Amino acid sequence: MAKKVTGFVKLQIPAGRANPAPPVGTALGPQGINIMAFVKEFNARTQGQDTILPVEVTIFSDKSFTFITKTPPAAVLLKNEAGVEKGSGTPNKQKVGSVTKAQIRKIAEIKLPDLNCDTIESAEAMVAGAARSMGIEVKG
């Protein structure tokens, strides 16, 4: 018989550097799972990566858990490609950087498994939209 799911938590944690302090401890503590077990398993699974990773934790009735790591957020990948610290506060007026179509395609290929689209072209359009909303120009 399958275990009963009692909780579902979404977090964004730096890869390989999770610790029991907030936000991990405050999100998982009330669920009653072993926070250190999660931290050790997450860090072991994401060792060697250097980005922020979204993670979806499923908590079961016997206080066991499973988690799935997703691809890094498009905003993080775009900031790395454009070489900027952060996006623009007024993206329609002030541009903070630029990326090429090839860089957009590279990010779209990374993000495709987690996006709600079927083709690489539609994934490129989604990533380009994220870039525009951050004040990053997309150049041909």
Side-chain angles (χ1 to χ4, degrees):
M1 190 169 138
K3 298 184 223 178
K4 185 173 185 242
V5 174
T6 59
F8 187 74
V9 178
K10 289 183 177 183
L11 297 167
Q12 287 193 359
I13 309 169
R17 293 182 302 194
N19 58 24
V24 177
T26 54
L28 300 180
Q31 302 292 336
I33 68 169
N34 185 343
I35 296 169
M36 281 311 295
F38 169 79
V39 167
K40 286 180 182 175
E41 190 176 335
F42 178 83
N43 288 341
R45 206 185 289 182
T46 61
Q47 200 66 41
Q49 297 179 23
D50 187 35
T51 186
I52 294 174
L53 291 177
V55 60
E56 295 179 351
V57 184
T58 306
I59 299 138
F60 300 103
S61 57
D62 64 351
K63 304 299 180 203
S64 63
F65 63 90
T66 60
F67 67 91
I68 302 167
T69 55
K70 301 285 189 174
T71 58
V76 172
L77 296 172
L78 282 164
K79 286 191 295 186
N80 290 344
E81 285 293 324
V84 295
E85 192 77 18
K86 62 180 191 171
S88 173
T90 53
N92 52 345
K93 295 178 184 168
Q94 180 185 4
K95 302 298 180 192
V96 293
S98 64
V99 291
T100 63
K101 293 268 189 198
Q103 289 171 313
I104 292 287
R105 185 171 191 85
K106 180 175 131 186
I107 293 170
E109 288 170 353
I110 294 169
K111 290 293 298 171
L112 189 61
D114 289 342
L115 292 177
N116 188 18
C117 55
D118 295 328
T119 65
I120 192 70
E121 289 78 18
S122 57
E124 286 176 20
M126 292 175 90
V127 173
R132 278 191 297 275
S133 71
M134 293 174 63
I136 297 174
E137 280 185 286
V138 179
K139 295 186 177 178

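Predicted, not measured: the structure shown is a model, and the values here were computed from it.
Atom CD1 of Ile52 is separated from atom CG of Leu11 by 12.0 Å, given to the nearest 0.5 angstrom. Expressed to the nearest 0.5 Å, how far CD of Glu81 lies from CD1 of Ile107 amounts to 5.0 Å. Once rounded to the nearest 0.5 Å, the distance linking NZ of Lys4 with CD1 of Ile59 reads 13.5 Å. The structure places CG of Leu112 at 7.5 Å from OG of Ser122, a figure rounded to the nearest 0.5 Å. Atom CD of Gln103 sits about 11.0 Å away from atom CG of Asn80, to the nearest 0.5 Å.
In this structure, Lys70 and Leu53 approach most closely via the heavy-atom pair O-CD2, 3.5 Å. Pro54 and Pro73 make their closest contact through CD-CD, 3.9 Å (heavy atoms, listed as atom of the first residue, atom of the second, distance). In terms of heavy-atom proximity, Ala130 sits nearest to Ser133 at O-OG, 2.9 Å. Smallest separation of non-hydrogen atoms from Ile33 and Lys63: CG2-O, 3.6 Å. Leu77 and Pro72 get closest at one heavy-atom pair: CD1-O, 3.9 Å. Nearest heavy-atom pair across Thr26 and Pro23 is OG1-O, 3.2 Å.
Classification of the Phe67-Phe42 ring pair by plane angle, with boundaries at 30° and 60°, yields tilted.
Contact of the Val138 side chain with the Val99 side chain is registered, since non-hydrogen atoms from C-beta on lie closer than 4.5 Å. Counting only heavy atoms from C-beta outward, the side chains of Ile104 and Leu78 approach each other to under 4.5 Å. Looking only at side-chain heavy atoms (C-beta outward), Lys79 and Met134 come within less than 4.5 Å of each other. Contact annotation: the side chain of Met36 approaches that of Pro20 to within less than 4.5 Å [non-hydrogen atoms, C-beta and beyond].
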Residues Thr66, Phe60; criterion side chain to side chain contact (heavy atoms under 4.5 Å, CB included); working and verdict
CA-CA 8 Å; Thr66 60; Phe60 300 103; 3.7 Å; yes
CA sep, side-chain torsions, deciding dist, call: Phe65, Glu41, side chain to side chain contact (heavy atoms under 4.5 Å, CB included)
CA-CA 11 Å; Phe65 63 90; Glu41 190 176 335; 4.0 Å; yes
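Residue Val76 is found outside any hydrophobic cluster, as its side-chain heavy atoms come under 4.5 Å of no other Ile, Leu, Val, Met, Phe, Trp or Tyr.
Both Ile136 and Ile110 belong to a common hydrophobic cluster when Ile, Leu, Val, Met, Phe, Trp and Tyr are linked at side-chain heavy-atom distances under 4.5 angstrom.
In terms of modelled atom types and a separation under 3.5 Å, the side chain of Asp114 and the main chain of Thr71 share a donor-acceptor contact.
Residue Asp118 qualifies as open at atom CG: its count of foreign heavy atoms under 6.0 Å is 12 or below.
Of the residues Lys106, Arg105, Lys111, the one that meets the salt bridge (charged side-chain N to carboxylate O under 4.0 Å, His left out) test with Glu109 is Arg105.
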